[in-house]
Amino acid sequence: MKSWAIAGIDLLLPVDRGPGVRRGLEATLRDAVRGGRLPAGTRLPASRSLAADLGLARNTVADAFTQLVAEGWLEARVGAGTFVAQARAASAPSGVPELPSRVIGAGEARHDLRPGSPDVSLFPRAAWLAATRRALAAAPHSALGYGDPRGRPELRGALAAYLARVRGVVADPEHLIVCGGHVQAVTLLSRTLRASGAAAVAVESPALPYLPTLVTRTGLRVEPLPVDDDGARTDLLGGPDVAAALLTPAHQFPTGALLTPARRAAAVDWAAGGRLLVEDDYDGEFRFDRRPVGALQGLAADRVAYVGTASKSLAPGLRLGWLVLPARLVGPVAEEKRYDDAQAPVIEQLALAELIGSGGYDRQVRRARLVYARRRAALVVALRDRAPHVTPVGKPAGLQVMVRLPDGTDEAALVEEALRQGVALDALAAYGSAGGAAPSPAVVVGYATPSGPRAWQAALDALCTVLGQV
Ligand SMILES: Cc1ncc(COP(=O)(O)O)c(C=O)c1O
């Protein structure tokens with residue numbers, strides 16, 4: 001059996017072992033650098049281990065390296081090894097056409113006040129590292145294998161207990177599926193509904209701009225559901241072929257309204273007889289003026305698919321979310337998950353389970369809640385003083401606030417002018433609007449995105465200057 005060197009890095013090099021092998025190796029390495037397969041700065045394996053891997057004499061490899069260093073393709077750094085030199089490395093274009101902003105997100109602005117992201121500088125790095133260390137020390141080897149598509153039992157158990165305690169969710173770990181955030185949750189649910197013969201789904205309007213697309217990509221039709229100051233107009237839910245309704249009951253996105261008890265009851269009644277309510281509880285832990293209203297799911301666990309996410313409480317980059325499902329949907333959605341990406345990444349799942357179990361997640365939520373509550377309060381006071389013609393609306397909750405503009409204000413022109421002054425905001429129109437009368441003009445301000453108090457203060461100041469001009 002061939003013996004492989006253990007030290008060094010792997011390098012796939014097709015080498016002809018006949019006469020002229022050294023020159024062949026040189027040509028192969030030149031091609032790899034020229035073509036970009038070995039980018040500048042790549043450390044090559046030591047000549048001894050590369051020789052062992054390729055079945056060549058060590059001197060053959062060492063001589064080839066020496067020649068390529070002399071030609072400027074490689075660079076020998078004393079005591080560190082041999083690297084691909086900057087000078088000759090390919091800077092070939094990737095060949096990928098520029099990706100549209102709807103795929104990779106909009107560009108940078110000096111003050112980013114578009115909603116969506118928490119203050120990622122609050123991510124509890126030390127606690128996460130410690131939780132990961134503890135989780136890996138405790139996990140059996142088998143945890144790192146293929147597993148239940150619903151996710152690790154440690155995390156499903158921890159989340160079930162947390163959601164019951166904090167959000168009033170009726171959460172059986174067997175009904176819980178860990179997924180790649182709210183995006184994947186909606187995709188899996190939509191596919192499941194479509195596969196069961198559903199034709200259409202009601203989606204709040206306004207809503208997350210990409211939400212209708214997530215749904216229609218699975219072949220379902222979207223029926224826009226209007227929203228007013230009491231939340232979604234669940235009293236208007238209807239349509240013989242509408243199989244589900246996607247709602248943000250605790251804090252309508254982006255208007256900030258709380259779904260009233262009467263509208264909750266209307267939604268639950270509508271869902272009788274096999275229809276589904278999908279509750280997006282994206283920021284349910286962040287209510288500032290009182291204890292949060294419990295999840296809608298707690299009223300009718302057999303009619304509501306509850307969706308939660310770590311994207312606001314920890315970081316969107318974790319791509320961790322969870323679904324709590326009525327019993328009849330657990331199998332079909334787990335199957336969709338299985339064929340989508342097998343299961344959520346295990347080490348992150350175990351770390352989150354550990355963070356929740358040790359109380360670190362609660363501490364993080366309480367800490368972040370205080371930061372956002374202060375930001376929102378400061379924003380309301382600053383706008384009252386410096387931009388008296390605009391009105392923040394919605395419940396004191398979450399990470400974004402809708403700000404009403406005087407009637408007749410041109411939202412789009414204001415957003416453009418704000419951008420010229422370095423402030424990125426969203427016009428309400430960017431979130432869609434369900435037919436009927438045009439809503440009063442408004443912008444949506446995400447106050448969590450600026451990282452750290454200084455960036456926030458500067459962004460608030462710039463925002464007041466922009467809105468003070470209307
Ligand atoms: C209304 C709403 N739901 C859910 C999410 C979170 O999505 P995800 O969990 O896919 O990051 C967001 C993020 O911006 C949101 O605004």
Side-chain angles (χ1 to χ4, degrees), residues 101-106 112-120 123 151 155 159 163 167 176-190 201-215 217 222 224-225 227 231-232 245-259 277-287 292 295-297 305-324 337 340-341 344-345 348-349 352 365 368 372 394-395 397-402 424-426 428 430-432 444-449:
S101 62
R102 78 186 143 76
V103 175
I104 54 173
D112 190 352
L113 292 173
R114 286 165 305 185
S117 181
D119 179 348
V120 284
F123 184 79
L155 180 55
L159 277 170
L163 294 171
R167 302 294 300 127
L176 205 147
I177 297 184
V178 182
C179 57
H182 165 262
V183 166
Q184 193 187 38
V186 171
T187 300
L188 299 179
L189 281 170
S190 300
V201 162
V203 176
E204 291 175 340
S205 184
L208 263 182
Y210 59 77
L211 194 54
T213 309
L214 283 185
V215 173
R217 283 172 68 93
V222 163
L225 183 64
V227 168
L246 272 51
L247 305 171
T248 46
H251 192 222
Q252 206 281 326
F253 189 86
T255 65
L258 171 73
L259 194 66
L277 302 171
V278 180
E279 175 174 27
D280 176 6
D281 198 34
Y282 64 106
D283 65 1
E285 293 117 328
F286 295 111
R287 178 83 194 242
L296 178 65
Q297 192 266 7
Y306 174 92
V307 183
T309 178
S311 290
K312 307 291 180 194
S313 52
L314 290 172
L318 276 177
R319 303 314 308 141
L320 278 179
W322 39 89
L323 274 155
V324 183
K337 175 73 180 160
D340 206 43
D341 60 357
E348 280 78 358
Q349 289 190 63
L352 181 56
V365 167
Y372 301 141
K395 296 293 174 198
L399 283 61
Q400 84 283 334
V401 60
M402 187 169 89
L425 313 160
D426 279 344
L428 177 59
Y431 296 84
V444 185
V445 177
Y447 43 81
T449 309

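Each ligand, and each atom within it, is numbered from 1 in the order the structure gives. Please read all numbers here as calculations on a predicted model, not as lab measurements. The basis for the numbers below is simple: all heavy atoms, side chains too, and nothing from hydrogens, waters or symmetry mates.
- For atom 9 (O) of ligand 1, the nearest non-hydrogen atom from the set Thr187, Thr309, Val186 belongs to Thr309.
- Heavy-atom contacts of Ser311 reach the following atoms of ligand 1: 8 (P), 9 (O), 11 (O) (cutoff under 4.0 Å).
- Closest non-hydrogen pair, Glu348 versus Leu318, comes out as CG-CD2, 4.4 Å.
- Of all non-hydrogen atoms in Pro206 and Val227, the two that sit nearest each other are CD-CB, 4.0 Å.
- For Lys312, the closest heavy-atom approach to ligand 1 falls below 4.0 Å.
- For a threshold of 3.5 Å applied to N or O pairs, the pair formed by Val183 and ligand 1 contains at least one separation below that value.
- Arg319 counts as a contact of ligand 1, since one of its heavy atoms falls under 4.0 Å from the ligand.
- Not one N or O of Tyr282 is nearer than 3.5 Å to an N or O of ligand 1, by distance alone.
- In this structure, the protein non-hydrogen atom closest to atom 3 (N) of ligand 1 is Asp280 OD2, 2.6 Å.
- There is no side-chain donor-acceptor pair under 3.5 Å between Gln252 and Lys395.
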Requested in this report: Could you give me the CA-CA distance, side-chain angles and deciding distance for Phe286 and Lys312, then say whether side-chain contact (heavy atoms from CB on, under 4.5 Å) is met?
Outcome: CA-CA 9 Å; Phe286 295 111; Lys312 307 291 180 194; 4.2 Å; yes
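- There is no side-chain donor-acceptor pair under 3.5 Å between Glu285 and Ser313.
- Closest protein heavy atom to atom 6 (C) of ligand 1: His182 CB, 3.9 Å.
- In terms of modelled atom types and a separation under 3.5 Å, the side chain of Glu279 and the main chain of Gln297 share a donor-acceptor contact.
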